[in-house]
Amino acid sequence: MLSLATLLKVAVLGLPAVAHAAAGTLGFALGIHKGDDTTCKTTDDFTSDLKTIKAETGASVVRIYTTSQCNALKSLLPALKSTNTKAIVGIWPTGQGDIFQKETDAVIEGLKSYSAQIIGVTVGSEAIYRKELTGAQLAAMIKTVQGRVKAVSPDIPVGFADSWNKFHDGSADAAILQSDIILANAFSYWQKQKISNGTHSFFDDIMQALQHVQDIKGTIDIPFWVGETNWPTGGQDYGDAQPTVQNAAAYWKDAICGMLGWGVNTFVFEAFDEPWKPAEKNNDVERHWGVMDVDGKPKYDLTCK
């Protein structure tokens with residue numbers, strides 16, 4: 001059987017594939033705030049979000065990036081259960097005080113009653129890319145979480161999420177070796193690509209990350225997701241990348257639906273706009289990554305037909 005990286009390479013090169021993998025699973029990154037950057041979502045808010053995501057996209061998997069801030073996991077878990085939705089739960093490992101302990105404690109407490117709703121745990125999101133942790137430091141934290149999680153729910157995989165290039169350049173090797181699950185992020189917008197090259201750039205980045213993961217692990221049998229991707233609908237141009245609704249719609253159809261079609265589980269960043277996010281370097285692009293606006297209205301066709 002061809003490895004998924006080989007199939008992706010065939011797709012990137014535009015060659016006829018020898019075999020197709022089953023369709024990948026679509027998921028969405030989900031924020032924990034509403035209205036501003038301080039008001040926390042309640043269980044009712046999360047329930048509404050999950051129902052909207054399922055109604056507009058058919059997706060029933062989400063990921064969050066913190067468990068203890070805003071009591072996010074405690075509020076989310078009942079909503080997951082009531083809407084028959086699953087989640088990959090993120091532990092934020094760096095920050096002030098005992099944040100890592102609090103984040104991990106929240107996961108363990110949640111697993112006691114809602115283990116069926118949690119399909120994976122990630123330690124950190126782009127912590128290596130931001131130079132907050134080395135691969136070895138992150139591996140040690142993953143090992144700690146694995147020990148605690150598997151004592152409660154032995155089958156739940158624990159790993160991490162980071163930028164595709166941190167996999168490709170070897171920075172994450174120690175964390176890869178320790179992990180049960182891998183999420184790799186890739187954004188053609190941040191690669192300064194024209195939309196006409198967006199799909200090729202995305203596929204190539206993910207292929208390079210996945211191939212390195214498989215090489216380091218010595219197997220193709222490793223749960224792998226695209227951890228984040230999308231194209232923004234507003235903000236400033238970034239190199240040749242132009243953030244427009246038209247370009248975002250094209251990226252959805254070609255890149256995201258294409259990746260799913262090649263059997264790769266893919267999280268889209270993100271479900272809903274977060275217009276309260278601050279502009280950085282005169283670019284308010286972080287407010288415009290949602291496939292839906294803040295009220296849950298789709299910006300473009302969200303099917304993969």
> Given the rule in the side chain to side chain contact (heavy atoms under 4.5 Å, CB included) test, do Phe272 and Val294 qualify, once you have shown the distances and angles that lead to the verdict?
Replying inline: CA-CA 5 Å; Phe272 307 103; Val294 70; 5.8 Å; no
> Run the ring pair (Phe, Tyr, Trp, His ring centres under 6.0 Å) check on Trp289 and Tyr189 step by step: do they pass?
Replying inline: CA-CA 11 Å; Trp289 285 102; Tyr189 171 83; 5.7 Å; yes
>> Could you walk me through whether Thr219 and Asp221 satisfy the side chain to side chain donor-acceptor pair (under 3.5 Å) test, starting with their C-alpha distance in whole Å, then the side-chain angles of each, then the deciding distance to 0.1 Å, before giving a yes or no?
In response: CA-CA 5 Å; Thr219 179; Asp221 188 22; 5.2 Å; no
> Is there a side chain to side chain contact (heavy atoms under 4.5 Å, CB included) between Arg63 and Phe269 once you walk through the steps?
Replying inline: CA-CA 10 Å; Arg63 65 172 296 209; Phe269 183 87; over 6 Å; no
>> Please determine whether side chain to side chain donor-acceptor pair (under 3.5 Å) holds for the pair Asn185 and Glu126, giving the CA-CA distance in whole Å, both sets of side-chain angles, and the decisive distance to 0.1 Å.
In response: CA-CA 8 Å; Asn185 304 341; Glu126 298 189 346; 2.9 Å; yes
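With hydrogens and angles ignored, the 3.5 Å screen pairs no side-chain donor or acceptor of Asn283 with any backbone N or O of Gly235. Of the possible donor and acceptor atoms, one in the side chain of Thr43 sits under 3.5 Å from a partner among the backbone N and O of Ser75.
Between Lys277 and Asp284 there is no salt bridge, since no side-chain nitrogen of the basic residue lies less than 4.0 Å from a carboxylate oxygen of the acidic one. Between Asp45 and Lys34 a salt bridge is recorded (basic side-chain N to carboxylate O distance below 4.0 Å). Electrostatic pairing of Asp155 and Lys150 does not count as a salt bridge here, judged by no charged N lying under 4.0 Å from a carboxylate O.
The minimum heavy-atom distance linking Val152 with Lys112 is given by the pair CG1-N, 4.5 Å. Across all their heavy atoms, Ala184 and Ile206 have their closest contact at O-CD1, 3.7 Å. Taking each heavy atom of Arg148 and Thr104 in turn, the nearest pair found is NH1-CG2, 3.5 Å.
Side chains of His212 and Asp169: a donor-acceptor N/O pair is absent below 3.5 angstrom, by distance only. In this model, a donor atom of one side chain and an acceptor atom of the other lie less than 3.5 Å apart for Gln146 and Asp180. Between Ser163 and Asn165, the side chains place a donor N or O and an acceptor N or O closer than 3.5 Å (distance only, hydrogens not considered). No donor-acceptor contact under 3.5 angstrom links the side chains of Asn282 and Gln236, judged on distance only. A donor-acceptor contact under 3.5 angstrom links the side chains of Thr94 and Glu132, judged on distance only. Side-chain N/O atoms of Thr39 and Asp36 include a donor and acceptor closer than 3.5 Å. The closest side-chain donor-acceptor pair between Tyr251 and Thr229 falls under 3.5 angstrom. Between the side chains of Lys253 and Thr303, a donor-acceptor pair is found at a separation under 3.5 Å.
Shown are Thr266, Leu260, Val61; of these, the side-chain contact (heavy atoms from CB on, under 4.5 Å) with Thr25 is made only by Val61. Asp273 pairs with exactly one of Arg287, His288, Lys299, Lys297 by the side-chain hydrogen bond (donor to acceptor under 3.5 Å, both in side chains) rule, that one being Lys299.
Side-chain rings of Trp190 and Tyr238 approach one another, their centers coming within less than 6.0 Å. Close placement of the Phe160 and Phe167 rings is indicated, their centers lying within 6.0 Å of each other.
To the nearest 0.5 Å, atoms CD (Gln214) and CZ (Phe224) are separated by 8.5 Å.
Val121 and Leu77 fall within the same hydrophobic cluster, defined by Ile, Leu, Val, Met, Phe, Trp and Tyr side-chain heavy atoms under 4.5 Å apart, directly or through other members. Under a hydrophobic clustering in which Ile, Leu, Val, Met, Phe, Trp and Tyr are joined whenever their side-chain heavy atoms come within less than 4.5 Å, directly or via other members, Trp231 and Met259 fall into the same cluster.
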